[in-house]
Amino acid sequence: MKEVFRLYPNCIPVKGSINSIICDLQRGNYEFIPNDLYDILKKFDGKKNKKDIKIHYKNQYDGIIDEYFDFLLEKEFIFFTQNPKYYPKMDLDFHYPFEISNAIIDLDTTSNYNLFKVFTNLDNLNCKFLQIRFYHKIKLEIINDILNFINKNEMIISSISFILQFSPDLNIQILQNMVVEYPRITSFIISNSKKEEYIFIDSKNTKFIIFTTQKISPQLHCGKIKSDYFATNIQMYTEAVNHNSCLHKKIAIDKDGNIKNCPAMPESFGNIKNTTLEQALQHADFKKYWNLTKDEIEACKDCEFRYICTDCRAYTERTHSNENGLDISKPLKCGYDPYTGEWEEWSTNPLKQKAIQYYGIQN
């Protein structure tokens, strides 16, 4: 029995219009590969060895095939085996036991809804991941009150990220102490700071504090697509393959208490003052975007990054819709062109100006 090459199950090739990548879901990274190599991997994985592949192409590309296999072995993407059936492909179904996985809560000086009622609602839905965004200066006692309430009630929320406006009492040492005292905190992002600073709190770089001079707002930052934001892991990849990579299992409360898919989206499904999150979830349209994958979105469907990149339905180019009336346009704030393989500043693209004016984000 002859040996054949086999991709490691966690190494998955994804083809784009002119480029392909291999996503290493165990190491959490990706590598570019030519589309020709993608075709070889998809056609011959678990079926042929290098010699057979050369014969298949009538020995016309021996040098290129040697280079391909040297690369694959160096990156530890493949191995050789006489029993490829013993190494099945990875299950790419997405598994999450609860109806809601993550939530965003927005607050500013005009917000007058009961924040603790929101936490109770989220706990009833078994929501584990939470981002709270304050668009006004607050005292740290408010953060302590929030965390003590969640701790006292033994809520399932396990990860909380805070976005705060800069004030002099938000120094690094105080924030670091809070992260240590409250393990549920994963990050603090401090906007309108006088400096740019990035501090990791733990050895695995899963907890951090960011000071940024930028002003953070839903209009400015919601839906930005950058390679820095790509996430190459099993959960992100499998969710993106099967569902919408931004809105699936998400719920949000905007600054006025309106219950939405995302605070930046216009459609509301009630207000937390008189509607529970459970009731909002029952609305016929609440989940309409949950299963819209990148394979159905214009440009994204031809992009090699589609399964490691988050989507945005709040800000799109507003050019296409499907038979169900869903907006399937490319995210407005993406500057990558999968047909050229080049990045550009999205806000200066002449083809996006009409949508930019529609959303009122010219500045």
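Using a 3.5 Å distance cut-off with no hydrogens or angles, the side chains of Ser161 and Ser187 do pair a donor with an acceptor. Checking Asn324 against Lys288 by side-chain atom types alone, no donor-acceptor pair falls below 3.5 Å. A side-chain donor-acceptor contact under 3.5 Å links Tyr307 and Asp295. Checking Tyr182 against Asn148 by side-chain atom types alone, a donor-acceptor pair falls below 3.5 Å. No side-chain N or O of Asn29 forms a donor-acceptor pair with one of Thr232 less than 3.5 Å apart. Side-chain contact annotation: Glu267 with Asn261, donor-acceptor N/O pair under 3.5 Å absent.
Of the charged side-chain nitrogens involved, at least one lies within less than 4.0 Å of a carboxylate oxygen, so that Lys352 and Glu317 count as a salt-bridged pair. Using a cutoff of 4.0 Å between basic side-chain nitrogens and carboxylate oxygens, Lys75 and Asp24 are not scored as salt-bridged. Between Glu76 and Arg27 a salt bridge is recorded (basic side-chain N to carboxylate O distance below 4.0 Å).
At least one donor-acceptor pair closer than 3.5 Å links the side chain of Lys294 to the backbone N or O of Thr310. One N or O on the side chain of Lys207 and one on the backbone of Pro183 form a donor-acceptor pair closer than 3.5 Å. In terms of modelled atom types and a separation under 3.5 Å, the side chain of Glu196 and the main chain of Thr213 share a donor-acceptor contact. Between the side chain of Lys48 and the backbone N or O of Ile53, no donor-acceptor pair lies under 3.5 Å. For Tyr359 (side chain) and Thr316 (main-chain N/O), a donor-acceptor pair under 3.5 Å exists by modelled atom type.
The aromatic rings of His283 and Phe269 sit perpendicular to each other, their planes meeting at more than 60°, with 30° as the lower class boundary. Ring geometry, Tyr96 versus Phe94: the interplanar angle falls under 30°, so the pair is classed parallel (tilted spans 30 to 60°). The aromatic rings of Phe149 and Phe119 sit tilted, their planes meeting at an angle between 30° and 60°. Relative orientation of the Phe134 and Phe162 rings is parallel, given thresholds of 30° and 60° on the angle between their planes. Using a 30° and 60° split on the angle between ring planes, His56 and Phe44 fall in the perpendicular class, above 60°.
Summarising the local packing, NZ of Lys89 is surrounded by more than 12 heavy atoms from other residues, nucleotides or ligands at distances under 6.0 Å. Annotation for Lys117: atom NZ counts as buried by contact number, over 12 foreign heavy atoms lying within 6.0 Å. Remark: Phe116 CZ is packed, more than 12 non-hydrogen atoms of other residues, nucleotides or ligands lying under 6.0 Å away. Atom CD of Gln26 is surrounded by 12 or fewer heavy atoms from other residues, nucleotides or ligands within 6.0 Å. Open room surrounds NZ on Lys354; 12 or fewer heavy atoms of other groups in view lie less than 6.0 Å from it. For CD of Glu154, the number of neighbouring non-hydrogen atoms (other residues, nucleotides, ligands) closer than 6.0 Å is 12 at most. Enclosure of atom NZ in Lys2 by more than 12 non-hydrogen atoms of other residues, nucleotides or ligands within 6.0 angstrom is indicated.
The distance from atom CG of Asp70 to atom CD1 of Ile65, rounded to the nearest 0.5 Å, is 12.0 Å. Separation of atoms OG1 (Thr212) and CD1 (Ile163) is listed at 10.5 Å; rounding is to 0.5 Å. Once rounded to the nearest 0.5 Å, the distance linking NZ of Lys249 with CG of Leu281 reads 10.0 Å. Taking CG of Asp45 as the start and CG of Leu7 as the end, the distance is 4.5 Å to the nearest 0.5 Å. Note that CD1 of Ile251 and SG of Cys127 are 8.5 Å apart. Values are rounded to the nearest 0.5 Å.
The shortest non-hydrogen separation linking Asn19 to Tyr336 is ND2-OH, 3.8 Å. Between Pro13 and Lys42 the shortest heavy-atom distance is CG-CD, 4.1 Å. When all heavy atoms of Glu296 and Asn291 are compared, the closest pair comes out as OE2-O, 3.4 Å. Here the closest heavy-atom approach between residue Ile259 and residue Asn271 is recorded as CD1-C, 4.1 Å. Across every non-hydrogen atom of Gln353 and Ser347, the tightest pair is NE2-O, 3.0 Å.
When ring centroids are compared, Tyr30 and Phe77 stay outside the 6.0 Å threshold.
Of the residues Asp254, Asp106, Asp285, the one that meets the salt bridge (charged side-chain N to carboxylate O under 4.0 Å, His left out) test with Lys260 is Asp254. Tested against Phe79 for a ring pair (Phe, Tyr, Trp, His ring centres under 6.0 Å), the candidates Phe5, Phe69, Tyr8 yield a single pass: Tyr8.
Residues Leu130 and Met236 are members of separate hydrophobic clusters, defined by side-chain heavy-atom contacts under 4.5 angstrom among Ile, Leu, Val, Met, Phe, Trp and Tyr.
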